[in-house]
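One structure below.
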Number of protein chains: 2
Amino acid sequence: MENENLRGLFQLLTRRFGLLNKNCCSADGIEISLVQSHILYEINRQNKASIQQIAETLGTDITTFSRQIQSLIKLNLVTKTPDAEDRRISILSLTDEGVKINQTIDQQMNDYLNEIFKTMNEFEKESVVRSLTLLNDRMLKSSVCCTTPWG
Amino acid sequence: MENENLRGLFQLLTRRFGLLNKNCCSADGIEISLVQSHILYEINRQNKASIQQIAETLGTDITTFSRQIQSLIKLNLVTKTPDAEDRRISILSLTDEGVKINQTIDQQMNDYLNEIFKTMNEFEKESVVRSLTLLNDRMLKSSVCCTTPWG
DNA sequence: CGACAATACTTGCAAATTACAACTTTTTTA
DNA sequence: TAAAAAAGTTGTAATTTGCAAGTATTGTCG
């Protein structure tokens, strides 16, 4: 069990999910990129997070991220609020429009994924969900590489 | 079981794997990008594939891909051979150096992943591997979106 | 207190990445 | 055999990205 081709499994899975994400996710007439959808997702997931926090979570250079946020603000999907206690910090949040787009994408992705899961029986489905959850948990806790204080 | 947050599971998993991939994979003094590592991986996986086949598999525009291949040829990691039967087609393959780099990255990624899997017991491990395999299979066969004739 | 370092973010600039249009070459079709 | 189609390549322009250097605010320490 030590010499599985784990990389291959992950590589294919992430690529297929990436393709799904890439082709399938615009909403309400607004076309946003894969990167932008990740940002919206993460702003929503981490409540009241700063620019730096989200940038680190996504593994993006902060200067790049700063500009990405500027774009999303122009699209009226994100807002920046100065932190009350430390005015250097900008707290990010989604606008109503941003929330809506994020939900729409969520819905679409879940629909697609459910479509795939429909080909499995209840036992397989449950096992897959449990496995992905477990993996996420262990990768989060791993000190190997690639984790930030904000998961 | 219908309203799982499947998207969230996939989003986190693929991001974490992406970070792993991003930070952890250069080899033999050659720094290659994430995109390049995917290309090497895929050229190796699909034997004797054409430029178009790999480009489609990876969901990359063919003009972009053409230039990516040019870069990899300059790095002496990939070669292009005209197809004997149809001279419009270029068959891609890895050079010895390319094979070596790909193997090194494989090794590194598998080491990291094994490190993560070490925190699981044998039953969990097996269940996760089986789940990922099943998922890959079903996504490959899915007509929903995002599959090419070459998987 | 006050200078100096550190932190959070932003902008200048240059390089890398990407994609559409238009092109060449070769093969297929009718 | 002429026209259409397919596989790649290049021109060009827009977008994305990251390092260096900047501003503004906060923390530190003599």
Side-chain angles (χ1 to χ4, degrees), chain A residues 15 18-19 21-23 25-26 30-40 42-43 46 48-75 77-93 148-150, chain B residues 15 18-19 21-23 25-26 30-40 42-43 46 48-75 77-93 148-150:
Chain A
R15 195 179 62 227
L19 289 174
N21 228 331
K22 190 177 181 179
N23 297 334
C25 293
S26 55
I30 295 183
E31 280 275 340
I32 67 172
S33 69
L34 181 60
V35 170
Q36 289 175 325
S37 82
H38 275 250
I39 296 173
L40 295 189
E42 205 56 33
I43 290 176
Q46 297 180 39
K48 310 275 180 198
S50 72
I51 288 183
Q52 192 142 70
Q53 276 176 35
I54 306 277
E56 261 192 63
T57 302
L58 297 174
T60 313
D61 184 278
I62 195 170
T63 69
T64 300
F65 190 74
S66 173
R67 278 185 258 252
Q68 286 169 340
I69 291 299
Q70 286 169 29
S71 305
L72 288 169
I73 290 175
K74 262 184 208 148
L75 288 173
L77 301 177
V78 168
T79 53
K80 233 172 35 181
T81 319
D83 186 297
E85 290 172 5
D86 185 340
R87 277 174 301 168
R88 290 172 303 180
I89 297 175
S90 288
I91 301 298
L92 297 175
S93 47
T148 70
W150 307 281
Chain B
R15 194 176 64 227
L19 289 173
N21 227 331
K22 190 176 181 178
N23 298 332
C25 294
S26 55
I30 296 184
E31 280 273 341
I32 66 172
S33 68
L34 180 59
V35 171
Q36 288 175 325
S37 82
H38 275 250
I39 296 173
L40 295 190
E42 205 56 32
I43 291 176
Q46 297 180 39
K48 310 275 182 197
S50 71
I51 289 184
Q52 192 144 69
Q53 276 175 38
I54 306 277
E56 261 190 64
T57 302
L58 296 174
T60 312
D61 184 277
I62 195 171
T63 68
T64 301
F65 190 73
S66 173
R67 278 185 256 252
Q68 285 169 341
I69 291 298
Q70 285 169 28
S71 305
L72 288 169
I73 289 174
K74 261 185 209 146
L75 287 173
L77 301 177
V78 169
T79 53
K80 232 172 33 181
T81 319
D83 186 296
E85 292 172 6
D86 185 340
R87 277 175 301 169
R88 289 173 303 180
I89 297 174
S90 288
I91 301 298
L92 297 175
S93 48
T148 72
W150 306 281

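Every chain is numbered from 1 and lettered A, B, ... according to where its sequence line falls, protein lines coming before strand lines.
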Fill in: Ile32(A) CD1 - dT15(D) C1' separation (whole Å)
16 Å
Discussion item. Closest-nucleotide mapping onto DNA chain C: is Ile91(A) or Arg67(A) further toward the 5' terminus? I mean the 5' end.
Written reply: Ile91(A)
Discussion item. Rounded to the nearest 0.5 Å, what separates atom CG in Asp83(A) from atom CD1 in Ile89(A)?
Written reply: 5.0 Å
Item to complete: Measure the distance from CG on Leu75(A) to C1' on dT15(D) and round it to the nearest whole Å.
Response: 14 Å
Item to complete: Let me know the distance between CG of Leu92(B) and C1' of dG8(D), rounded to the nearest Å.
Response: 11 Å
Item to complete: Using a heavy-atom cut-off of under 4.0 Å over every strand shown, decide if Thr63(B) touches base, sugar-phosphate, or nothing.
Response: base
Discussion item. Need two values: the first and the last nucleotide of DNA chain C, 5' to 3', having an atom under 4.0 Å from any heavy-atom of chain A.
Written reply: dA6(C) to dC13(C)
Worksheet item: Rounded to the nearest Å, what distance is computed from the CG atom of residue Leu58(A) to the P atom of nucleotide dT17(D)?
Response: 11 Å
Worksheet item: Heavy-atom distance under 4.5 Å between the side chains of Leu75(A) and Gln36(A), does that happen here?
Response: yes
Worksheet item: In whole angstroms, how far is the P atom of dT16(D) from the NE2 atom of His38(A)?
Response: 15 Å
Practice prompt. Apply the test side-chain contact (heavy atoms from CB on, under 4.5 Å) to residues Gln53(A) and Leu92(A): give CA-CA distance (whole Å), side-chain angles for both, the deciding distance (0.1 Å), then the verdict.
Written response: CA-CA 10 Å; Gln53(A) 276 176 35; Leu92(A) 297 175; over 6 Å; no
Worksheet entry | Out of dT9(D), dA7(D), dT26(D), whichever nucleotide has its closest atom nearest the side chain of Gln52(B) | dA7(D)
Quick test: give all pairs of protein nitrogen or oxygen and nucleotides 22-24 of chain D nitrogen or oxygen below 3.5 Å, distance rounded to 0.1 Å.
none

Item to complete: Would you kindly give the CG-to-C1' distance between Asp61(B) and dT12(D), to the nearest whole Å?
Response: 14 Å
Practice prompt. Quickly work out the Leu34(B) CG to dT17(D) P distance and round it to whole Å.
Written response: 12 Å
Discussion item. Between P on dT9(D) and CD1 on Ile89(B), what's the gap in Å once rounded to a whole number?
Written reply: 12 Å
Discussion item. Are Val35(B) and Leu58(B) packed together at the side-chain level, in the sense that at least one heavy-atom pair is separated by less than 4.5 angstrom?
Written reply: no
Worksheet item: Is Thr64(B) touching bases, backbone alone, or none of the nucleic acid, heavy atoms closer than 4.0 Å?
Response: base
Worksheet item: Taking OP1 and OP2 of dG8(D), is either one under 4.0 Å from a side-chain nitrogen or oxygen of Gln70(B)?
Response: no
Worksheet entry | Sub-4.0 Å heavy-atom contacts from residues 78-86 of chain B onto DNA chain D, ordered by number | Lys80(B)
Worksheet entry | Heavy-atom pair with the smallest gap, counting every atom of Val78(A) and Ile73(A) | O-CG1, 3.4 Å
Worksheet entry | Side-chain H-bond candidate by donor/acceptor type, Glu42(B) with Gln46(B), under 3.5 Å | yes
Item to complete: Could you check Ile39(A) against Ile69(A) for side-chain contact (heavy atoms from CB on, under 4.5 Å), going step by step and ending with a plain yes or no?
Response: CA-CA 9 Å; Ile39(A) 296 173; Ile69(A) 291 299; 4.0 Å; yes
Worksheet entry | Test item: Ser66(B) side-chain N/O and Ile62(B) main-chain N/O as donor-acceptor pair under 3.5 Å | no
